[in-house]
Peer 1: 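Submitted below is the structure of interest, expressed as structure tokens.
So that the names make sense, note that chain A is the first sequence line, chain B the second, and so on, each numbered from 1.
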Amino acid sequence: MKKSGYINVTKDVCAGLLIAVVIGAAGYAIKRVTESPIADPLVIAMIIGIIVRTVIGENRKIQPGFAFAPIIFIPVGIVFYAVHNLNFIKVLKVETGMLALLVIVGIVYFAFILFLGKILGQRKQITYLISTGSAICGASAIAITSPAVEADSNDTSISLLSVVLAALVGFSIILPFLAALFDITGKTYSLLSGSVVQFTGLVKATVKNIPFLSGDIPAEELLSLAMSFKATRFLGLLIAIPLFASLVKGKIYIPWVLWVFLISGLIGTWIYAVDGVFYSNVLIPFIKPIHDISWSIAMAAIGLNADVKELLSNNGTKSLVMAFAGFFAATATFFVGIYIMQLF
Amino acid sequence: MVYKIKPPKSSLRNNILIAFFLVIALGGVITNIVLHDVFLSAMNKQGLDKNIIEDVGRHFIIISTGLTIAGIFAVLFIAVFLSNTITGPIRKLTNGMLNIANGKWATRIEIESKDELGQLAAGFNLMAEQIENDLRKIEAAKQSLSKSEKELKKRVQELEKFYNMAVGRETKMVKLKKEIKKLKDQVLHDKHKEV
């Protein structure tokens, strides 16, 4: 009897896992086919997951597989993501004044969203995920932080969808409008997108989609400038993860996620220092699909576990307000900082 | 005991706002991306001077994104107005029902709208009126019952009094009969002795 029960459980876990893997792979495939910087495989996989879950309804039999997928694929994604993105040498190349501005914008991003979360009575987990997702690196930051703050699938889905929406409106409407209105230079625009745009793909899209700005810096240089700013923001995770994990636990707590992230980042930095060409031409093209696919599967499973009714709850509305308000506050801070530094 | 209802987990107002916002924001995002691409390629095909393209492009972006932002605010404003026309009466109805649950039978709701919500409010008021009338009848019946009870009690008391009186008289009669019999016996006994 015991044996057959075990076999059933394994079968159910495998069924759920398989669905998550298929959806995750589909998300990644869509990204590869479209080659669009706007198409984030994590977001695509999660949205497909939510749609599938809404169509098939709650199936308790295969649910364990959906819960199991993030347990395996998030750590795998964190290892390869840190090797790829947590590069301490690249961060050292950012100018000190710019770094100070970036830190201030990041602090405002975090503080404003945390403050709003407090006054709106938002769930702690959602507040922490929106702040890391907005201030650091969108879906990836949410994927890394969610196990550290013990977020459930609904928290993760609500946070990710809010940040995605704020990012889409921000990159395609708000930033081009402000840039054209204030007639800022290409350099300032790339710094702005590197500082406030939530997703790495969207930072690229923002700079590629640059709206007729003054200044003669070539587009590749502007993109590299924006990406170096964006890379620096990943360091914020080293503070955000232990801080939020400790706030959730009510005591000083350093989750395993942080160690995995830090050690993998140090290994990546070391490989970059030893052989930069190997790192850029061989290692990165090899590991990027691994973390993209791993996290796409994890996000698909999170979407499959999410209840669409929760997304339409009051927490969903508050999350949207928080994500948008955080974006506006960070953008305003950037403009004030740039004005003070006379970079306009 | 005062009845209360837990605050809702989600609200119609928020759902309407989110729906409107999603439509306008995503519509704006797609339109701006597509228009920007179409506009840029059209300008380049014309072989216009770079400065002219930049100048016209900047104006184009200000107008297209500015209109989208204005559209978002306008749609949100309309959504707030629309949602208030739905959720306002619902909130009034909820409060009215709570008042009824807490015994405030005279509660009536004033909703002027002539739509289904107005009908619902009219139905609620009819129901409240019916309940109030029934309760008034019950109260009147209760009072009349209490009056009858008092009357009955008075009658019972009178009957008891009469009964006691009747029983007292009978006892007295028995006593008197016994006395008479005793006297009779005495007289008979005395007569015997004389004879």
Peer 1: Which region of B:I62, side chain (C-beta onward) or backbone (N, CA, C, O), has a non-hydrogen atom less than 4.5 Å from a non-hydrogen atom of chain A, or is it both or neither?
Peer 2: both
Peer 1: To the closest 0.5 Å, what do you measure between CG (B:L26) and CG (A:L168)?
Peer 2: 7.0 Å
Peer 1: Should we say atom CZ of B:R108 is surrounded by more than 12 heavy atoms from elsewhere, each under 6.0 Å from it?
Peer 2: yes
Peer 1: Backbone N or O of B:S11 within a donor-acceptor pair of the A:N314 side chain at under 3.5 Å?
Peer 2: yes
Peer 1: Please check if atom CE in B:M165 has more than 12 non-hydrogen atoms from other residues, nucleotides or ligands closer than 6.0 Å.
Peer 2: yes
Peer 1: Please classify the contact between B:L22 and chain A as side chain, backbone, both or neither, with a heavy-atom cut-off of under 4.5 Å.
Peer 2: side chain
Peer 1: Taking atom CD of B:E116 as the centre, does the number of heavy atoms from other residues, nucleotides or ligands within less than 6.0 Å exceed 12?
Peer 2: no
Peer 1: For A:L320, is it the side chain, the backbone, both or neither that has a heavy atom under 4.5 Å from a heavy atom of chain B?
Peer 2: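 Only the side chain of A:L320 comes within 4.5 Å of chain B.
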Peer 1: Just so I know, are the side chains of B:N32 and A:P176 near enough to count as touching, which here means a heavy-atom distance under 4.5 Å?
Peer 2: no
Peer 1: Side chain from CB out, backbone as N, CA, C, O: work out which of these in B:I63 comes under 4.5 Å of a heavy atom of chain A, or both, or neither.
Peer 2: neither
Peer 1: Which one, A:N315, A:L165, A:T317, leads in non-hydrogen pairs under 4.5 Å with chain B?
Peer 2: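 Highest number of pairs under 4.5 Å: A:T317.
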Peer 1: Would you compute the distance between atom OG of A:S172 and atom CG of B:L35 and round it to the nearest 0.5 angstrom?
Peer 2: 11.5 Å
Peer 1: Taking atom CD1 of A:I173 and atom CD1 of B:I61, what is their separation to the nearest 0.5 Å?
Peer 2: 12.0 Å
